[in-house]
Amino acid sequence: MTTCPVCGEQIEGPVPAECPRCHARLQDATHSFEPIEVAEAPAVPVTAEHVAEGPALVVRKGAESGERFVIDRERLTVGRDPESDIFLNDVTVSRSHAVLKLTSEGVTIEDAGSLNGTYVNGIRVDSAPLAAGDIVQIGLFQMVYVPGSGA
């Protein structure tokens, strides 16, 4: 049984493209999940090359484990939309999930109204500054923040 995330309608059988009650899109919609504990993820080593590139998020759990996303602009979008600056291809990630902001004071992450939320060190946040070693969780992806020499 499926529940519409917008109106709560209980839908039996195969998941239709949209809710019969409120017409919210159901197929390809973001799926809910329970966030995992930070300690449950095996650590991907953060190497000297990660640090040398400047501020970045290094994926330690998720489909792109080991990949790093350099934070090299004032504003980067994070989401499941292929047009996102940081594209995380999983149904637990909202199309427009979060925004990373780079200032002279460092990097801040802001949730963009996502279904599953944005977590820093296991705590759901609307907005939070990032410090070296912080674990950012977006959907099933866990990423380590490395400030490098740039922040």
Side-chain angles (χ1 to χ4, degrees), residues 2-7 15 17-19 22-151:
T2 302
T3 302
C4 175
V6 176
C7 70
V15 179
E18 63 180 41
C19 174
C22 71
H23 304 288
R25 184 176 180 175
L26 297 177
Q27 290 185 356
D28 297 327
T30 303
H31 292 225
S32 296
F33 81 109
E34 289 298 318
I36 59 175
E37 293 295 322
V38 171
E40 291 180 25
V44 169
V46 176
T47 65
E49 73 180 38
H50 291 132
V51 175
E53 289 187 17
L57 289 175
V58 179
V59 179
R60 71 180 228 153
K61 182 169 177 41
E64 287 89 20
S65 208
E67 185 171 351
R68 63 187 165 274
F69 299 104
V70 177
I71 304 164
D72 58 358
R73 295 191 307 251
E74 290 180 9
R75 184 177 192 278
L76 292 171
T77 58
V78 182
R80 195 174 79 240
D81 184 333
E83 298 298 316
S84 296
D85 298 311
I86 298 176
F87 173 54
L88 300 176
N89 191 15
D90 187 84
V91 294
T92 60
V93 177
S94 294
R95 285 175 184 78
S96 176
H97 200 106
V99 175
L100 289 162
K101 294 185 176 179
L102 174 64
T103 67
S104 59
E105 297 171 11
V107 175
T108 301
I109 190 161
E110 295 178 2
D111 187 77
S114 67
L115 174 67
N116 288 316
T118 300
Y119 293 79
V120 176
N121 299 324
I123 299 169
R124 189 171 183 158
V125 299
D126 290 327
S127 178
L130 297 178
D134 280 350
I135 304 297
V136 174
Q137 183 164 344
I138 294 177
L140 293 177
F141 292 84
Q142 282 190 350
M143 298 166 279
V144 179
Y145 173 70
V146 289
S149 59

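Fair warning: this is a prediction, and the values are worked out from it, not measured in the lab.
Atoms CD1 and CZ, from Ile86 and Phe141 in turn, are 11.0 Å apart once rounded to the nearest 0.5 Å. Between Leu140 atom CG and Thr92 atom OG1 the span is 3.5 Å, to the nearest 0.5 Å. One finds the CZ atom of Arg75 at 6.5 Å from the NZ atom of Lys101 (value rounded to the nearest 0.5 Å).
Using modelled atom types, no side-chain atom of Arg60 and backbone atom of Gln142 make a donor-acceptor pair closer than 3.5 Å.
Here Asp72 pairs with nothing under the salt bridge (Lys or Arg N to Asp or Glu O under 4.0 Å) rule; sequence neighbours left out. Under the side chain to side chain contact (heavy atoms under 4.5 Å, CB included) criterion, Ser114 pairs with Ser94, His97, Asp111, Thr118, sequence neighbours left out. With sequence neighbours excluded, no residue forms a side chain to side chain donor-acceptor pair (under 3.5 Å) with Asn89.
The side-chain contact (heavy atoms from CB on, under 4.5 Å) test with Val144 is passed by exactly one of Leu57, Ile135, Val136: Ile135.
Between Ile71 and Leu76, the closest side-chain pair of non-hydrogen atoms falls below 4.5 Å. In this structure, Met143 and Leu88 have side chains that are in contact, with non-hydrogen atoms separated by less than 4.5 Å.
Scanning both residues, Leu102 and Pro55, for their nearest heavy atoms gives CD1-CG, 4.2 Å. In terms of heavy-atom proximity, Gly139 sits nearest to Gln137 at O-NE2, 3.1 Å. For the residue pair Val59 and Phe69, the shortest heavy atom distance occurs at CG2-CE1, 3.6 Å.
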Between side-chain atoms of residues 122-133 and protein atoms elsewhere (two or more places apart, or another chain), which donor-acceptor pairs fall under 3.5 Å?
none

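Applying the salt bridge (charged side-chain N to carboxylate O under 4.0 Å, His left out) rule to pairs touching residues 82-93 yields Arg73-Asp85, sequence neighbours excluded. Listed by first and then second residue, the salt bridge (charged side-chain N to carboxylate O under 4.0 Å, His left out) pairs that reach into residues 128-137 come to none, sequence neighbours excluded.
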